[in-house]
Amino acid sequence: MDKVKIIFKEVIPRTPLIFGTIVKHYTRGPPAEEWTLKQHLTVNLVKDLVAKMRNYTVEDIQKINQRPTPLPPGFRSIPFTIPNEYRDRAVQKLAPLLEPFKTEIGWDWQQDQCEPITGEWIIPEEFMNDQDTPNIDIPTLLYFPGGAYHICSIQTHRFLTSRASKQGKCKTFAINYRLAPQHPFPAAVIDSLAAYLYLTNPPEDAGFNAIDVSKLVMGGDSAGGGLVVATALAIRDLQLPAPAGVVALSPWLDLTHSLPSIFYSIDTDYLPKAGFDYLDSPALDFSKLPQERTAFPDALDIASENPTDTAQEPEIITKTETINDQVVEKKHVKRIQLYAPNEALMVPYVSPVFDPLGLQGLPPLLIESGGAERLHDEAVYAAHTASQQAPATAIDACQPTKVTINVYEGQPHVFQMFVDLQASKQSFETIGSFIQHVTGGDKDAQHRFEKQFERFNISGKGQSVDMTATEFSPETWAEWKKLLANPSVEQRMEEAKQYGIKVKGV
């Protein structure tokens, strides 16, 4: 009976979509030539699912994504709770770093009252040896799930974290960091740093010994990929012992959406054309945050992360400002991200591409990007900037970061979540090899991760082409730098309109 209900509720309404996709696949071809019919169907079904999220409140979606999901066979889950004292320590350490951005952040984040951080250890059973604690001498992967900083949880990412554990021969420590809009920036960074402090200096009753940073790797996908880089920046800036490496899968590094692939790759990615949108609800009332915003009193505090895909005129805030003793009216776009107000989008711990040190001085960095995803350009930009690879300009303040970036041709955002893809399998093998390499375990059979900068393009059939020596276009790089240097969110929204994306806000 349950199967019948599922068919009537989920399958039958999508029959036109399924049939239409099949017809288009064989008459026009897939949006990306690497896609099989199965992947074409899967991406379109995910697109449809994401589009229907606009019929729910953000609280509804958060609850759905926190439901328990089965753990793949062959793994053990051990739940944990991080005492709030570690969050307090993280707050104390981050406060000086964030003080210069107090006005942009716009709320009293130090007064945020919330439950302790929870999560789970994911450990391959082959390493457990009948014990019931995570105190096992294998590398540790501290993992931050993606989800645009406002959805998803450790439950939605169990497939990903378990495969990373298997391939990396490691134990994964995945956390549920606080989510926007109820807990916007810097809540997620505080929780990620708190988890790092907990692992490296746990209480006596934690059930495991302190993790040596030489055996610790941090990882994340999408927003979690941006968060892991932001956390690495905080660790660098606080001069804390650095982890052995950082893994970023399709990282969201630019919340201003400045670079071209955000527009050019709409058809080959499942990310919503104009972002996420939800029904109005209490969670979207930012005035309920501690200390109502005063720095920008004319800004409206009800907002959605991004508009729906339907064409709607952008909603603009008109503010009066005094310039050279004259009162003028200026137009401003409403808040476009749930995670942070427009004024904070260029804070480096929000959008790491704006790091003044150019992402240098970080641990070895592995970036896995889909060649057809909308966040592709920011991944490539970050890789070249961090490693000082031409045409990036050298910054002498600290050492270049060692970077390996793999671009999987034709693949969408976080394609690792697609179970049967050759690209997915190959990416997890790379992740596992990287974890072993940087933690002193097995060296990579292909001798990767040893150079200052490496870039590989991987075809749909799994063939890897070394692109390290291929010159990146100086003209393209100059254009990207120009786009990122523009602080105007309004101009970015005007550019989006050229691609049929009309931003509103709520």
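Remark: H413 pairs with S222, E373 by the side-chain hydrogen bond (donor to acceptor under 3.5 Å, both in side chains) rule, at least two apart or across chains. When the side-chain contact (heavy atoms from CB on, under 4.5 Å) test is applied to L142, the partners found at least two apart in sequence or on another chain are F144, F173, I175, A195, Y196, L199, L216, M218. Under the rule for a ring-ring contact (aromatic ring centres under 6.0 Å, His included), H183 has no partner lying at least two apart in sequence or in another chain. Residues passing the ring-ring contact (aromatic ring centres under 6.0 Å, His included) test with Y143: none are found, sequence neighbours excluded. Looking at residues two or more places apart in sequence or on another chain, you find no ring-ring contact (aromatic ring centres under 6.0 Å, His included) involving F75. For D191, the salt bridge (Lys or Arg N to Asp or Glu O under 4.0 Å) test picks out R87, R178, with sequence neighbours left out. Shown here are the side-chain hydrogen bond (donor to acceptor under 3.5 Å, both in side chains) partners of T231, two or more places apart in sequence or in another chain: S192. For Y177, the ring-ring contact (aromatic ring centres under 6.0 Å, His included) test picks out no residue, with sequence neighbours left out. Remark: S258 pairs with T256, R492 by the side-chain hydrogen bond (donor to acceptor under 3.5 Å, both in side chains) rule, at least two apart or across chains. For L279, the side-chain contact (heavy atoms from CB on, under 4.5 Å) partners two or more places apart in sequence, or in a different chain, are T57. Evaluation of the side-chain contact (heavy atoms from CB on, under 4.5 Å) rule for L41 yields I18, T21, I22, L37 as partners, not counting sequence neighbours. The side-chain hydrogen bond (donor to acceptor under 3.5 Å, both in side chains) check on K402 picks up nothing, with sequence neighbours excluded.
Q399 places no side-chain N or O within 3.5 Å of a backbone atom of Q360 that could act as its donor or acceptor partner. Counting only distance, with no hydrogens or angles, the side chain of D377 and the backbone of I262 share no donor-acceptor pair below 3.5 Å. Looking only at distances, no side-chain donor or acceptor of T140 sits under 3.5 Å from a matching main-chain atom of K171. Although no hydrogens or angles enter the test, the distance criterion places a donor-acceptor pair under 3.5 Å between the side chain of T156 and the main chain of S153.
Centroid-to-centroid, the aromatic rings of W480 and F472 come within less than 6.0 Å. W109 has its ring centre no less than 6.0 Å from the ring centre of F185. The aromatic ring centroids of H150 and Y339 lie 6.0 Å or more from each other. In this structure, the ring of H384 has its center less than 6.0 angstrom from the ring center of F453.
Q411 and Q39 share a donor-acceptor pair across their side chains, judged by distance under 3.5 Å alone. Side-chain atoms of T430 and R448 include a donor-acceptor pair closer than 3.5 Å. Residues S165 and T172 have side chains that bring a donor and an acceptor to within less than 3.5 angstrom of each other. Side-chain contact, Q452 with Q389: no donor N or O sits under 3.5 Å from an acceptor N or O.
Taken from CG in D444 to CD in E450, the straight-line distance is 7.5 Å, to the nearest 0.5 Å. Rounding to the nearest 0.5 Å gives a distance of 4.5 Å between CG of L255 and CD of Q337. S464 OG to Q446 CD: the interatomic distance, rounded to the nearest 0.5 Å, is 6.5 Å.
Under the 6.0 Å distance and 45° angle rule, R335 counts as a cation-pi partner of F286.
Checked for salt-bridge contact, R158 and E120 meet the test: a charged N lies under 4.0 Å from a carboxylate O. Salt-bridge check for K47 with D267: failed, with every basic side-chain N at 4.0 Å or more from each acidic carboxylate O.
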Show the numbers, then the answer: is there a side-chain hydrogen bond (donor to acceptor under 3.5 Å, both in side chains) between Y349 and D237?
-> CA-CA 11 Å; Y349 307 111; D237 296 343; 2.5 Å; yes

side-chain hydrogen bond (donor to acceptor under 3.5 Å, both in side chains) between E409 and S459, intermediate numbers included = CA-CA 5 Å; E409 295 176 4; S459 71; 5.5 Å; no

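Of the listed residues (F418, Y270, W35), just one forms a ring pair (Phe, Tyr, Trp, His ring centres under 6.0 Å) with H40, and that residue is W35.
The shortest side-chain heavy-atom distance between Y264 and H376 does not fall under the 4.5 Å cut-off.
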